[in-house]
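Below, all heavy atoms of this structure are taken into account, side chains as well, without hydrogens, waters or symmetry copies. Numbering of ligands and ligand atoms starts at 1, following listing order.
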Amino acid sequence: MIKIGALVSGGGTNLQAIMDSINRGEINGKIVSVVSNKADAYALERAAKNGIETAVIKLKDYPDRKAYTEGLIEHFKEKQVDLIVLCGFMIILDPSFDRAFPNMVMNIHPALIPSFCGKGFYGLHVHEAALKKGVKVTGATVHFADGICDNGPIILQKAVEVRDDDTPETLQKRVMEEAEWKIFPQAVALFADGKIKVENGIVRILK
Ligand code: GAR
């Protein structure tokens with residue numbers, strides 16, 4: 001059974017989807033620590049309700065981003081995690097984080113990478129950009145973090161139709177329901193079963 005760490009900043013619906021999947025017995029793993037950069041993140045309540053240990057580690061309590069990243073590395077090394085899931089974590093960490101946990105940090109992004117990703121594309125902004133561009137299909141991507149924002153090996157993607165009357169909010173909700181909450185737990189389950197292989201930056205899913 002793998003040990004999973006999670007980083008959160010907000011509502012934590014993706015964390016909830018992973019916890020629900022674990023509780024249904026679909027993931028051969030357990031979450032050992034949920035860390036938020038914000039004390040009032042609802043994700044922390046969701047974790048506590050599931051009996052999972054939580055911690056608040058704030059950027060402003062460290063001299064700079066590098067030191068903050070070192071603090072998080074130390075925390076998760078201490079917890080001996082096999083996988084770290086970024087469940088709506090809104091801070092870009094120093095690349096040393098992904099180097100410390102190579103192909104062990106999974107991120108969910110609310111678009112089909114390489115569209116609408118990188119610096120500034122997070123949360124509702126991603127859906128605003130998709131609607132502004134007029135794309136007819138968007139979706140979500142689970143990928144490994146590699147030190148460059150939204151750049152690492154793609155694990156799973158799922159497309160979602162864009163409707164004429166969508167607002168950023170309705171599109172965000174549909175992308176979460178139809179894509180994010182499905183593919184993130186699926187990717188974690190594949191990882192826990194040892195079915196994800198990365199070769200030359202490309203993910204192969206083993207049968
Ligand atoms: C999700 O839509 C996630 O894909 C996005 O933030 C939301 C967090 O929701 N992440 C990013 O934009 C990262 N670049 P949640 O807290 O309810 O899981």
Of all protein heavy atoms, the one nearest atom 16 (O) of ligand 1 is Gly12 N, 2.7 Å

Nearest heavy-atom approach of Thr13 to Met176 is OG1-CE, 3.7 Å

Of Ile155, Leu156, Leu86, Ile84, the residue whose pairing with Met106 passes side-chain contact (heavy atoms from CB on, under 4.5 Å) = Ile155

Do the side chain of Arg65 and the main chain of Leu59 share a donor and acceptor less than 3.5 angstrom apart?
-> no

Return each pair, listed once, that meets side-chain hydrogen bond (donor to acceptor under 3.5 Å, both in side chains) where at least one residue sits in residues 71-83; pairs must be two or more places apart or across chains.
-> Ser33-His75, Glu53-Lys79

Going by atom type alone, with no hydrogens or angles, which donor-acceptor pairs under 3.5 Å involve a side-chain atom of residues 110-123 and a protein atom two or more places apart or on another chain?
none

For ligand 1, is there an N or O atom under 3.5 Å from any N or O atom of Leu15?
-> no

Does a side-chain heavy-atom distance below 4.5 Å link Asp98 with Asp146?
-> no

Report, in ascending order of atom number, the atoms of ligand 1 lying under 4.0 Å from any heavy atom of Tyr122.
-> 12 (O), 14 (N)

Presence of salt bridge, Glu177 and Lys173, under 4.0 angstrom | yes

Counting only heavy atoms, which portion of Phe121 has something under 4.0 Å from ligand 1: side chain, backbone, both, or neither?
-> backbone

Return yes or no for this condition: an N or O of Thr13 is under 3.5 Å from an N or O of ligand 1.
-> yes

Could you find the nearest protein heavy atom to atom 12 (O) of ligand 1 and give me its residue, atom name and distance?
-> Gly123 N, 2.8 Å

Heavy-atom nearest neighbour in the protein, as seen from atom 8 (C) of ligand 1, with distance rounded to 0.1 Å = Gly88 CA, 3.6 Å

Name the closest protein heavy atom to atom 6 (O) of ligand 1, giving the residue it belongs to and the distance to 0.1 Å.
-> Met90 CE, 3.2 Å

If you have a sec, work out which protein heavy atom is nearest atom 11 (C) of ligand 1 and how many Å separate them, to one decimal?
-> Pro110 CD, 3.7 Å

Atom 7 (C) of ligand 1 has as its nearest protein heavy atom Met176 CE, 4.1 Å

N or O contact, Gln172 vs ligand 1, cut-off under 3.5 Å = no

Nearest heavy-atom contact between Ala47 and Val34 is CB-CG2, 3.8 Å

Nearest protein heavy atom with distance in Å, relative to atom 10 (N) of ligand 1 | Ile108 O, 3.7 Å

Which ligand 1 atoms, with their elements, are less than 4.0 angstrom from a heavy-atom of His109?
-> 14 (N)

Member of Thr170, Val162, Thr138 meeting the side-chain contact (heavy atoms from CB on, under 4.5 Å) criterion with Leu131 = Val162

Quick one: which ligand 1 atoms are inside 4.0 Å of a heavy atom on Glu180?
-> 1 (C), 2 (O), 3 (C), 4 (O)

